Amino acid sequence: VLLEMEFKGMYVDEQLLNEMSSDFGKKIDSLTKGIYNESGFEFNVNSTQQLAKILFDVKGLPEIKKRSTAEDVLEQLKGKHILPEMVLEFRKLNKLKNTYIDALPELINQSSGRIHSTFNQAMTATGRLSSSNPNFQNIPIKTQEGREIRKAFRSSDPNWLIFSADYSQIELRIMAHLSQDEALVDAFNKGVDIHATTAASVFNVSIDEVEPSMRRTAKIVNFGLLYGAGPFRMSQELGIPQKEAKSLIEAYFATYAGIKNYVDSMMDFAKENRFVTTLLGRKRPVWDIDSSNHLHREAAKRMAINMPIQGTSAEMIKLAMTSIYESIIEKKMESNMLLQIHDELVFESPKDELNELKDIVLDKMINAMSLSVPIEVDSGHGQSWYEAH
DNA sequence: ACCACATGCAA
DNA sequence: TATTGCATGTGGT
Ligand SMILES: [Mg+2]
């Protein structure tokens with residue numbers, strides 16, 4: 001299945017990317033000049049060392065994480081000087097231009113007119129796929145400027161469409177299944193808004209009283225728990241004091257006591273066996289689980305918590321992929337599976353085949369594995385990936 | 001040519 | 001001091 005995805009490749013609109021490139025180029029040039037002006041020196045803005053000299057030595061801004069100029073540091077320096085904001089804008093546009101807008105057209109194959117990534121099957125520690133040359137699993141979506149790039153991922157034929165289907169909250173559902181936590185399993189079975197339900201319980205209010213900010217908090221906490229985040233990281237993510245983050249996590253574990261139980265029993269299993277496993281039996285060794293080094297031991301714990309969840313999710317979508325592939329062949333359909341992005345599958349399909357494809361994809365994704373919680377799949381279609389997802 | 005590191009994109 | 005990846009650029013060997 002992966003070979004077929006690689007051979008078929010993705011059509012990418014070169015002209016659209018070229019237009020974006022000159023547009024981005026002008027903005028980057030003007031930002032660069034502005035940064036030179038504001039700093040009083042012409043230097044390489046891409047050099048973190050040179051930028052640190054300007055910000056911390058020349059302008060005397062406070063060092064927050066040693067001499068790091070990373071995004072979260074520049075965000076905190078925003079109010080003190082205009083330069084950090086300009087550098088952030090420069091970095092955003094430069095990243096998109098260099099990594100995607102200018103790089104992708106170079107990779108268009110002369111014979112096929114399409115881009116052929118490699119989907120690595122045996123690379124990751126958890127059983128996920130990875131994608132390289134180019135990486136099709138990190139195409140931008142978070143900012144509007146980046147999201148525009150997805151308009152270039154389109155069908156080459158006006159009579160064909162892009163179809164995308166993605167699992168909804170798949171890792172949380174798998175955590176519910178693996179832990180058998182009663183409240184989490186119940187919530188999913190009732191089909192309620194899981195983040196709002198979490199917020200109601202953690203903040204001890206009724207579901208109608210959940211404010212959007214409470215829901216956002218619950219979403220971040222739900223997410224963080226999948227990775228074993230502690231109070232420090234949670235406080236950073238939420239922008240609250242560490243003490244508040246700590247009591248938030250405690251309230252969470254009180255709501256979902258089965259999750260705490262799952263984490264503990266996963267630890268015991270890992271210590272006993274020095275590996276952890278997915279639902280279907282993939283093993284990951286975790287030698288550092290009893291390391292004498294505290295940092296190594298804690299890191300191993302987080303990997304042991306996350307691997308069964310991330311790995312089981314990977315198994316589910318891989319089963320769906322082989323099943324969908326076989327159906328498409330059996331029904332002599334023309335649609336092609338093109339991309340896999342961990343919980344999402346992207347296809348191209350003749351317009352008159354779309355409804356049939358959608359029925360197959362949703363059925364196979366939803367029923368790939370049988371868990372104690374329902375599986376939900378969202379989908380969409382359009383001229384490009386931008387509209388489809 | 002190769003490497004470590006910083007940075008930042010995705011799920 | 002939250003998991004899994006890959007690409008780019010700098011600064012160095
Ligand atoms: Mg999703």
Side-chain angles (χ1 to χ4, degrees), chain A residues 43-52 65-75 87-88 90-104 106-107 117-121 123-143 145-147 149-150 166-172 174-175 220-238 242 245-246 249 263 276 278 284 286 294-314 317 339-346 385 389:
Chain A
F43 67 105
N44 185 345
V45 185
N46 284 315
S47 164
T48 51
Q49 284 183 35
Q50 294 178 37
L51 179 62
K65 287 191 332 194
K66 299 183 181 170
R67 289 175 67 82
S68 167
T69 66
E71 183 174 353
D72 59 321
V73 172
L74 297 187
E75 282 293 338
V87 172
L88 283 170
F90 169 89
R91 286 217 182 127
K92 181 174 75 181
L93 299 182
N94 213 41
K95 172 80 176 180
L96 296 173
K97 183 169 188 287
N98 293 339
T99 307
Y100 306 100
I101 295 169
D102 290 348
L104 289 173
E106 301 289 312
L107 293 166
S117 175
T118 299
F119 288 97
N120 309 293
Q121 191 177 16
M123 268 288 297
T124 68
T126 58
R128 272 189 174 185
L129 304 180
S130 78
S131 159
S132 54
N133 297 303
N135 182 357
F136 270 154
Q137 292 178 321
N138 72 342
I139 302 302
I141 192 166
K142 285 179 181 169
T143 68
E145 295 98 320
R147 201 171 194 148
I149 293 168
R150 293 183 173 223
D166 76 294
Y167 284 113
S168 165
Q169 296 149 351
I170 189 60
E171 292 194 348
L172 270 184
I174 287 169
M175 186 183 238
I220 290 171
V221 176
N222 273 331
F223 196 60
L225 266 293
L226 292 171
Y227 303 137
F232 178 88
R233 181 62 187 251
M234 214 72 92
S235 71
Q236 296 275 309
E237 290 290 329
L238 295 167
Q242 213 168 315
K246 187 165 177 287
I249 294 171
V263 169
V276 289
T278 60
R284 176 181 185 171
V286 278
H294 177 258
L295 287 178
H296 291 184
R297 197 167 61 243
E298 291 301 314
K301 282 187 187 174
R302 293 191 298 271
M303 295 173 200
I305 293 169
N306 181 254
M307 183 274 180
I309 299 166
Q310 195 182 111
T312 301
S313 163
I317 196 168
L339 308 177
Q340 188 254 40
I341 309 98
H342 307 304
D343 70 345
E344 175 186 9
L345 295 175
V346 177
W385 196 9
H389 184 61

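First the proteins, then the strands, lettered A, B, ... as listed; each starts at 1. Worth saying up front: this structure is predicted, and the values here are computed from it rather than measured.
In this structure, A/Asn138 does not reach the C/dG5 phosphate: none of its side-chain N or O atoms is under 4.0 Å from OP1 or OP2. The side chain of A/Arg302 contributes no N or O atom lying less than 4.0 Å from OP1 or OP2 of C/dA2. Applying the 4.0 Å criterion to OP1 and OP2 of C/dT4, one finds that A/Asn306 has every side-chain N and O outside that range.
Scanning DNA chain B 5' to 3' for nucleotides with an atom closer than 4.0 angstrom to a non-hydrogen atom of chain A gives a first and last hit of B/dA6 to B/dA11.
Nucleotide C/dT3 holds its C1' atom 13 Å from the CE atom of A/Met234, rounded to whole Å. Atom C1' of nucleotide C/dA2 and atom CE of A/Met307 are separated by 18 Å, given to the nearest angstrom. If you take CD1 of A/Ile139 and C1' of C/dG5, they are 13 Å apart, rounded to a whole angstrom. Note: CG (A/Asn46) to P (C/dA7) measures 19 Å, nearest angstrom. Put simply, CD1 on A/Ile305 is 12 Å from P on C/dA2, counting in whole angstrom units. Summarising the geometry, the separation between CG on A/Asn98 and P on C/dT8 is reported as 8 Å, rounded to the nearest angstrom.
When heavy atoms are screened at a 4.0 angstrom cut-off, A/Gly230 is found touching the sugar-phosphate backbone but no base atom. Among the heavy atoms of the strands lying under 4.0 Å from A/Asn44 are primed sugar atoms or P, OP1, OP2 only; no base atom is included. Among the heavy atoms of the strands lying under 4.0 Å from A/Arg284 are primed sugar atoms or P, OP1, OP2 only; no base atom is included. A/Ile141 comes within 4.0 angstrom of the backbone, heavy atoms only, and of no base. Within the nucleic acid shown, A/Ala103 comes within 4.0 Å of sugar-phosphate atoms alone, with no base atom in reach, counting heavy atoms only. At the heavy-atom level, A/Glu298 lies nowhere under 4.0 Å from the strands shown. A/Gln50 comes within 4.0 angstrom of sugar-phosphate atoms only, judged by non-hydrogen atoms across all strands, and of no base. Here A/Glu344 lies out of heavy-atom contact (under 4.0 Å) with every strand. Counting non-hydrogen atoms under 4.0 angstrom, A/Ala125 reaches the backbone sugars and phosphates but no base. Across all strands, A/Met123 comes closer than 4.0 Å only to sugar-phosphate atoms, never to a base (heavy-atom distances).
Every residue two or more places apart in sequence or in another chain was checked for a salt bridge (charged side-chain N to carboxylate O under 4.0 Å, His left out) with A/Lys142, and none qualifies. In this view, A/Lys92 and A/Glu89, A/Glu145 satisfy the salt bridge (charged side-chain N to carboxylate O under 4.0 Å, His left out) rule, not counting sequence neighbours. Checked against salt bridge (charged side-chain N to carboxylate O under 4.0 Å, His left out), A/Arg128 has the following partners two or more places apart in sequence or in another chain: A/Glu171. Residues meeting the side chain to side chain donor-acceptor pair (under 3.5 Å) test with A/Thr312, sequence neighbours left out: none. In this view, A/Arg233 and A/Glu237 satisfy the salt bridge (charged side-chain N to carboxylate O under 4.0 Å, His left out) rule, not counting sequence neighbours. For A/Lys97, the side chain to side chain donor-acceptor pair (under 3.5 Å) partners two or more places apart in sequence, or in a different chain, are A/Asp102. For the ring-ring contact (aromatic ring centres under 6.0 Å, His included) test, no residue two or more places apart in sequence or in another chain qualifies with A/Phe90.
Heavy-atom neighbours of A/Gln121 CD from other residues, nucleotides or ligands within 6.0 Å: at or below the threshold of 12.
Residues A/His389 and A/Arg150 meet the side-chain proximity criterion, which asks for heavy atoms closer than 4.5 Å.
Judged by distance alone with a 3.5 Å cut-off, no donor-acceptor contact links the side chain of A/Gln310 to the base of C/dT4.
Residues from residues 128-137 of chain A with heavy atoms under 4.0 angstrom of DNA chain B, sorted by number: A/Arg128, A/Gln137.
Remark: the A/Gln340 side chain and the A/Gln137 side chain contain an N/O donor-acceptor pair separated by less than 3.5 Å.
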